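Quick notes on the structure that follows.
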Amino acid sequence: MSFPWANQYAPTTEFGRWMDEKLPVPRLVYNSLGAGYPTPRNLNYMWNFGSLAGIFLVVQIVTGIILAMHYAANANIAFDSVEHIMRDVNSGWMIRYAHANGASFFFIAIYLHIGRGLFYGSYKAPREMIWLLGVVIYLLAMATAFMGYVLPWGQMSFWGAKVITGLFEAIPLVGKPIQELLLGGFAPDNAALNRFFSLHYLLPFVIAGVIILHIWALHIPGSNNPTGVDVKGPQDTVPFHPYYTAKDGWTLGVALIFFTMVMFFLPNALGHADNYIPANPLSTPAHIVPEWYFWPWYAILRAFTVDFLFIPAKLLGVLAMFSAILVWFFLPWLDRSPVRSGMFRPKFKIFFGILVIDVLVLGYCGGAPAEEPFVMISQFAGAYYFAHFLIILPLLSRLEKPEPLPNSITESVTGQPLKTAS
Amino acid sequence: MVRIIGILIGLFFSGWLLVSFGMGAVAYISNPPAESVEKEFHKEPKEVSYSSDGPLGKFDRQQLQRGFQVYKEVCSACHSLRLVAFRNLEDIGYNEDEVKAIAANWSIGVPDADPNTGEMTTRPGLPADKFPKPFANDIAARAANNNAIPPDLSLITKAREGGAPYIYSLLTGYTNPPANLPEANQPGPGLHYNPYFANLNLAMAPPLAAEDQVSYSDGTKASVDQMAKDVSAFLIWTAEPKLEARHQAGWAVLAFLLIATILAYLSYRTIWADVKAEKKQKAA
């Protein structure tokens with residue numbers, strides 16, 4: 001994107017001019033993350049989590065590459081090779097705990113980033129493509145995290161792999177062959193572990209590629225902002241660098257402080273004790289629970305307990321679980337309210353608040369054992385989840401009367417009307 | 001069109017979840033699930049503190065050595081410690097010669113090939129060896145222990161909910177079954193009642209049964225409670241030998257990040273000063 005007032009890249013050295021002619025990489029960086037990207041001046045702290053998620057992805061890739069130098073993807077020695085990293089590799093414990101907890105922090109950042117998009121209408125025209133690519137990134141991240149959790153080959157790794165690939169079994173006719181293809185056999189074993197390791201190494205780079213598209217798509221319309229009002233003049237924006245690099249920079253410090261506290265002082269708090277027991281196909285853990293970031297979807301999966309005509313409850317659960325995320329792909333066309341920001345939508349604000357609580361409740365139930373009252377609570381909360389996206393949002397766009405929007409970003413910040421140059 | 005299909009799908013999923021909810025609620029009210037006996041009698045681990053607890057925690061090496069003595073003289077008869085090597089004992093305060101002696105005098109030899117004949121035999125342990133296992137394989141372990149495999153103890157405090165306090169509670173928690181325990185949950189032959197164990201009865205006989213079962217060289221009174229505390233502290237170390245390095249590194253990283261974040265915040269304030277000043281005019 002280039003607003004007419006965007007700073008233009010001007011190489012100052014001989015080498016800079018030579019490089020700009022041959023391969024204008026500095027120009028690309030300048031225009032995408034540097035002073036050449038005019039950004040709304042009123043972004044609040046909810047806009048910091050995109051870059052934060054990107055940084056945690058880099059943390060995962062760097063620590064992951066080092067772990068792969070010492071890890072052995074073989075069902076007989078995978079568990080012990082992880083313990084070798086923890087005990088005998090220099091600072092191996094630090095790299096592994098950073099990687100294991102880094103995944104959680106990546107998802108914390110990505111969930112807040114998605115929540116911000118949902119509240120401020122960042123999925124609406126002209127930014128639909130950014131949103132769609134974001135959903136793709138989220139799906140890839142879930143697949144990567146799931147396969148990563150299998151690699152230590154502990155009890156939860158093994159039984160998690162069995163349960164999740166077992167979901168495909170519910171699909172009629174092709175389900176069983178799909179499951180066998182995913183596992184490379186009839187149950188998780190060496191073949192499954194090897195292909196999961198291979199894909200776990202590959203997918204983060206695919207994610208990085210989709211992130212490039214995500215940012216590219218962002219630079220065509222430019223960033224949304226808390227008012228949801230379009231940028232109208234130079235006064236509405238500040239150059240990304242140094243303004244937002246400085247803002248992202250200091251909040252990165254805050255995020256890393258939280259990360260440090262968890263990683264060094266509570267490194268196993270987000271994990272599961274059973275995963276320190278080597279995988280044993282003959283002994284099923286009492287409660288098979290995925291990592292916390294999957295809990296809301298796991299609750300929806302388990303909420304379906306009654307067959308519908310000829311469709312078994314398990315298949316319904318699988319369909320609903322995938323639909324719960326796939327529905328995000330249709331969000332730009334489900335919510336037709338012309339107002340982007342939830343700040344100016346009095347009723348949407350309330351329903352959004354309920355949705356946030358609803359997802360937290362689903363998450364809690366997904367982590368709890370599959371018994372009453374948690375199943376009933378997740379049935380009720382799951383019903384609201386689908387109703388929110390598929391019934392409430394489409395109707396709300398017709399029925400709701402939004403509050404008046406500010407004339408411009410500048411006016412909402414300073415109270416002074418925007419001075420147009422012309 | 002998208003919205004009509006969407007609303008139909010939404011009505012289906014939400015509606016069917018509400019139907020399931022209704023049926024579940026009816027079943028719940030007409031036939032409330034009884035609390036299981038395991039839940040009724042099961043106890044949460046006791047409160048017990050260790051010097052390694054908390055972000056400033058450090059190991060008490062005297063205690064770890066006492067705990068090692070309990071492992072050596074009691075637990076090692078049945079439980080392996082396969083991820084820990086004799087050389088690791090230097091971390092808990094034994095010197096090189098002591099470690100050599102401990103390895104060489106260990107009650108079981110290390111399986112190895114005879115250097116002359118090539119036949120499998122055992123030899124005395126070396127500091128580089130991992131602790132040898134008490135049973136040749138799982139079948140032998142089962143046969144000797146009432147069909148239950150004694151779990152490896154290397155990671156046990158991380159591999160059980162409740163951690164070291166759970167191990168301590170289990171070791172000190174053996175009692176006679178309460179009078180109101182249903183017949184089905186009474187300990188069968190070879191089983192022992194322990195309310196800290198998930199299904200209440202376990203195959204391990206009370207391992208720390210009498211005072212002074214171990215005679216501590218540092219003069220500490222070897223009560224059952226003391227031995228249980230010491231061996232569970234030792235097992236914290238076997239599961240997390242780098243705990244002290246982790247705590248130290250954590251504080252160093254925090255100190256660095258705190259300074260870096262304050263500096264980054266100050267530069268943020270400086271950079272944004274002009275934009276913020278414009279905003280202040282509004283308030284004035």
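Just so it is clear, the structure is predicted and the values come from calculations on it, not from any experiment. Within every chain, numbering begins at 1; the chains are lettered A, B, ... in the order of the sequence lines, protein sequences first and strands thereafter.
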Honestly, the part of B:I262 sitting under 4.5 Å from a heavy atom of chain A is neither

- With side chains defined as the heavy atoms from C-beta onward, is the minimum distance between A:F308 and B:V19 less than 4.5 Å? no

| So do B:R3 and A:W333 actually touch side chain to side chain, heavy atoms under 4.5 Å? | no

Margin query: Between the side chains of B:R87 and A:D88, is the shortest nitrogen-to-carboxylate-oxygen separation below 4.0 Å, so that they form an ion pair?
Written below: yes

Tightest non-hydrogen contact, residues B:I7 and A:I391, listed as O-CG1, 4.2 Å

Under 4.5 Å to a heavy atom of chain B? For A:D307 that would be backbone

Q) Any donor-acceptor pair under 3.5 Å linking the side chain of B:R246 with the backbone of A:F264? A) yes

Under 4.5 Å to a heavy atom of chain A? For B:A249 that would be both

Using side-chain heavy atoms (C-beta onward) and a distance below 4.5 Å, is B:I271 in contact with A:Y244? no

Checking heavy-atom separations under 4.5 Å from chain A, one finds in residues 155-163 of chain B B:L155, B:K158, B:A159, B:R160, B:E161

### Query
Within the side chain of A:R87, is there an N or O that forms a donor-acceptor pair under 3.5 Å with the backbone of B:T238?
yes

For B:F59, the side chain to side chain contact (heavy atoms under 4.5 Å, CB included) test, sequence neighbours excluded, returns B:S52, B:R61, B:L64, B:I236, B:W237, B:L243, B:E244

Listed by number, the residues in residues 321-331 of chain A that come under 4.5 Å of chain B (heavy atom to heavy atom) are A:S323, A:F330

Cut-off 4.5 Å, heavy atoms of chain B, and the answer for A:M94 is side chain

Across all chains, not counting sequence neighbours, the salt bridge (Lys or Arg N to Asp or Glu O under 4.0 Å) partners of A:R41 are B:E278

Checked B:T270, B:L83, B:L8 vs chain A; the most non-hydrogen pairs under 4.5 Å come from B:L83

When the 4.5 angstrom heavy-atom criterion is applied to B:F21 and chain A, the contacting part is both

Residues A:A387 and B:S14: closest non-hydrogen pair is N-OG, 3.2 Å

Under 4.5 Å to a heavy atom of chain B? For A:E371 that would be side chain

Check: Does a donor on one side chain sit under 3.5 Å from an acceptor on the other, for B:D274 and A:Y243?
Finding: yes

Note: vs chain A, highest number of non-hydrogen pairs under 4.5 angstrom among B:G10, B:S20, B:A85 is B:S20

Tightest non-hydrogen contact, residues B:H247 and A:F265, listed as O-CE2, 3.8 Å

Honestly, the part of B:A245 sitting under 4.5 Å from a heavy atom of chain A is both

Practice item. Check the pair B:F12 / A:F386 against ring-ring contact (aromatic ring centres under 6.0 Å, His included), numbers first and verdict last. Key: CA-CA 9 Å; B:F12 171 72; A:F386 286 107; 9.6 Å; no

Shortest non-hydrogen pair, B:G250 vs A:T260, comes out as O-CG2, 3.8 Å

Give a yes or no on whether the ring-centroid distance for B:W16 and A:F304 is below 6.0 angstrom.
-> no

Okay, B:P241 and chain A: the region with an atom under 4.5 Å from a heavy atom over there is side chain

